Participant: 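This structure is in structure tokens; I'll ask about it shortly.
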Amino acid sequence: MKKLGFGLMRMPLLDKNNAADVDIEQVKKMIDMFMEKGFTYFDTALMYNGGESEAVAKKALVERYPRESFTLATKLHAGFFNSVEERDKIFEGQLEKTGAGYFDYYLVHGVEADMYPKYEKLDCFDFVLEQKKKGLVKHAGFSFHDTPELLDEILTKYPEMEFVQLQINYLDWESPWIHARECYETALKHNKPIIVMEPVKGGTLANVPEDAERLFKEHSPEMSVSSWALRFAASLPGVMVVLSGMSNIEQMRDNLSFMDDLKPLSDEEKAICFKAAEIINSQIAVPCTGCSYCTEGCPEHIAIPQYFSLYNEDMRERLDEKGWTVNFTNYDILNGKFGKASDCVACGQCESVCPQHLSIIDNLKKISEHYGK
């Protein structure tokens, strides 16, 4: 299997403020480009693109290509069921929604300390393994966002799990919150193939500070900034697939240009990545990946990832000199469709599902203060 996977999570939109309004015709063109180059791995989930990702997979992929020609992965997320019966209905609904007949890879989704007891109580790991026995799942695994100690505990208890999906990128490699390197090493210890998610950290590593970009361009002027992040992840031993949530044809074309004939990073190039990480970490205010898990149950319909993105851009500006940026206008425009940062009622729903373990409530207070000036 070629190492680039198409993450159906940040697909192109007809309305940029509506994650469910997917530009299916553009997705079809992107899938055609992807398949033409011999790439076959597609990753979806019940919650992606406002709940429409699996349906888009059916229309743009399953109904247009022979089933044996592609690999489809989806996931079981505990946020959508509270009983064994509801769990079973979720799986049945995913089979129907995708029209796939079976899933090549099926994951217990977003396992972390707070969610793990629910997965255990409702017997989710064994449930996925049972679907494998029935032929409805070809490979069973899970995605993970927590400590290497918990990962080791789960892999020890469930050695039948065939793979692990981890957040790995050069920015998070030594992060005390993400534990990218330590979790990677734990998966290797258990001889589990690794699927990488967030290699570009939700676009953060495609739009880096000028000083970091200069490091990359001085070494390889012809390579895109994002290519360094994808190649970093794909160069790691034990990595089976690197997922990229491509949002337009240009991103697809760029990724195919270097992943089709992948050249692993040299030691010198890895050192450049880590130097860039130091620069980025010194300037990023809120390390949000834009996954939007936080928005699904927000009672005030607050556009949390969008506000974080605006805030991060402003924090890189010389506001003491400018005093104002276009993001103040952009914030007001978003307020017309979503709740304001100041509308947060501190219910904690967002923080309970955030894979990055961000202090969302406190950051919304900062954003409210910043844009309320």
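Every heavy atom of this structure was used, including side-chain atoms; hydrogens, water molecules and symmetry mates were not. Predicted model, so just to flag it, every value in this text is computed and none were measured.
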Participant: Anything under 3.5 Å between a donor and an acceptor, one on a side chain of residues 4-12, the other on a protein residue two or more places apart or in another chain? List them.
Facilitator:
| unit_1 | atom_1 | unit_2 | atom_2 | d |
| --- | --- | --- | --- | --- |
| Arg10 | NH2 | Glu198 | OE1 | 3.3 |
| Arg10 | NH2 | Glu198 | OE2 | 2.9 |
| Arg10 | NH2 | Thr289 | O | 2.7 |

Participant: Identify whether the distance between the nearest side-chain nitrogen and carboxylate oxygen of Lys157 and Glu120 falls below 4.0 Å.
Facilitator: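 A salt bridge links Lys157 with Glu120.
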Participant: In a table with atom names and distances, give each donor-acceptor pair under 3.5 Å that connects a side chain of residues 338-346 to protein atoms at least two apart or in another chain.
Facilitator:
| unit_1 | atom_1 | unit_2 | atom_2 | d |
| --- | --- | --- | --- | --- |
| Asp343 | OD2 | Lys340 | N | 2.8 |

Participant: Same hydrophobic cluster for Phe144 and Val128, using side-chain heavy-atom links shorter than 4.5 Å among ILVMFWY?
Facilitator: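 As far as the 4.5 Å side-chain criterion goes, Val128 and Phe144 are connected within one cluster.
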Participant: Heavy-atom distance under 4.5 Å between the side chains of Met35 and Phe70, does that happen here?
Facilitator: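 Yes, close enough: below the 4.5 Å cut-off.
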Participant: Can you confirm whether Glu210 is buried at CD, in the sense that more than 12 heavy atoms of other residues, nucleotides or ligands lie under 6.0 Å from that atom?
Facilitator: no
Participant: Hey, are Arg64 and Asp32 close enough for a salt bridge, meaning a charged N less than 4.0 Å from a carboxylate O?
Facilitator: yes
Participant: Looking at Glu130, I'd like to know if its CD atom is crowded, meaning that more than 12 non-hydrogen atoms belonging to other residues, nucleotides or ligands lie closer than 6.0 Å.
Facilitator: yes
Participant: Could you pull out all residues at least two apart from His219 that satisfy ring pair (Phe, Tyr, Trp, His ring centres under 6.0 Å)?
Facilitator: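 With sequence neighbours excluded, His219 shows a ring pair (Phe, Tyr, Trp, His ring centres under 6.0 Å) to Trp228, given in chain and number order.
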Participant: Within a 6.0 Å radius of atom CD on Glu36, are there more than 12 heavy atoms belonging to other residues, nucleotides or ligands?
Facilitator: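 Not more than 12 within 6.0 Å, no.
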Participant: Please enumerate all residues that pass salt bridge (Lys or Arg N to Asp or Glu O under 4.0 Å) together with Glu351, with sequence neighbours excluded.
Facilitator: none
Participant: Do Arg181 and Glu185 meet the salt-bridge criterion of a basic N to acidic O distance under 4.0 Å?
Facilitator: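 A salt bridge links Glu185 with Arg181.
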Participant: What about the rings of Tyr307 and His370, do their centers lie closer together than 6.0 Å?
Facilitator: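 For Tyr307 and His370, the ring centres are not under 6.0 Å apart.
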Participant: side-chain contact (heavy atoms from CB on, under 4.5 Å) with Gln131: which residues, sequence neighbours excluded?
Facilitator: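 Checked Gln131 against side-chain contact (heavy atoms from CB on, under 4.5 Å); matches are Phe91, Phe127, Lys134, Leu136, Val137.
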Participant: Is any side-chain heavy atom of Arg67 closer than 4.5 Å to a side-chain heavy atom of Ser69?
Facilitator: no
Participant: Lys270: which residues meet the salt bridge (Lys or Arg N to Asp or Glu O under 4.0 Å) condition with it, sequence neighbours left out?
Facilitator: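 So Lys270 forms no salt bridge (Lys or Arg N to Asp or Glu O under 4.0 Å) with any residue.
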Participant: Could you please spell out the steps behind the side-chain hydrogen bond (donor to acceptor under 3.5 Å, both in side chains) verdict for Asn248 and Gln26?
Facilitator: CA-CA 7 Å; Asn248 53 56; Gln26 187 172 175; 5.9 Å; no
Participant: Assess whether a salt bridge exists between Lys2 and Asp260, defined as any Lys/Arg side-chain N lying under 4.0 Å from an Asp/Glu carboxylate O.
Facilitator: yes
Participant: Below 30° counts as parallel, above 60° as perpendicular, anything between as tilted: where do the rings of Tyr184 and Trp173 land?
Facilitator: tilted
Participant: Run the salt-bridge test on Glu162 and Lys132 with the 4.0 Å N-O cut-off and return the result as yes or no.
Facilitator: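 Salt bridge flag = yes for Lys132 with Glu162.
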Participant: Can you sort out the partners of Lys121 under salt bridge (Lys or Arg N to Asp or Glu O under 4.0 Å), two or more places apart, ordered by chain and number?
Facilitator: none
Participant: So Val225 and Asn207, do their side chains get closer than 4.5 Å, heavy atoms only?
Facilitator: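 Contact flag for Asn207/Val225 side chains = no.
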Participant: Are Ile249 and Met246 linked, directly or through intermediate hydrophobic residues, by side-chain heavy-atom contacts shorter than 4.5 Å (ILVMFWY only)?
Facilitator: yes
Participant: Can you list the residues that meet the side-chain contact (heavy atoms from CB on, under 4.5 Å) rule with Asp114, with sequence neighbours excluded?
Facilitator: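 Asp114 satisfies side-chain contact (heavy atoms from CB on, under 4.5 Å) with Glu112 once adjacent residues are dropped.
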Participant: Just jot down the side-chain contact (heavy atoms from CB on, under 4.5 Å) partners of Ile90, sequence neighbours excluded, or say none.
Facilitator: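 Listed in chain order: Leu46, Leu76, Phe80, Phe81, Gln94.
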Participant: Holding to side-chain contact (heavy atoms from CB on, under 4.5 Å), I want the full list of residues that pass it with Leu262, two or more places apart in sequence or in another chain.
Facilitator: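 Residues passing side-chain contact (heavy atoms from CB on, under 4.5 Å) with Leu262: Lys3, Arg231, Ala234, Met259.
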Participant: Residues in ring pair (Phe, Tyr, Trp, His ring centres under 6.0 Å) with Tyr105, at least two apart?
Facilitator: Tyr41, His139, Phe163
Participant: Just jot down the salt bridge (Lys or Arg N to Asp or Glu O under 4.0 Å) partners of Glu153, sequence neighbours excluded, or say none.
Facilitator: none
Participant: Are side-chain heavy atoms of Val22 and Leu14 found at a separation under 4.5 Å?
Facilitator: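 A side-chain contact under 4.5 Å is absent here.
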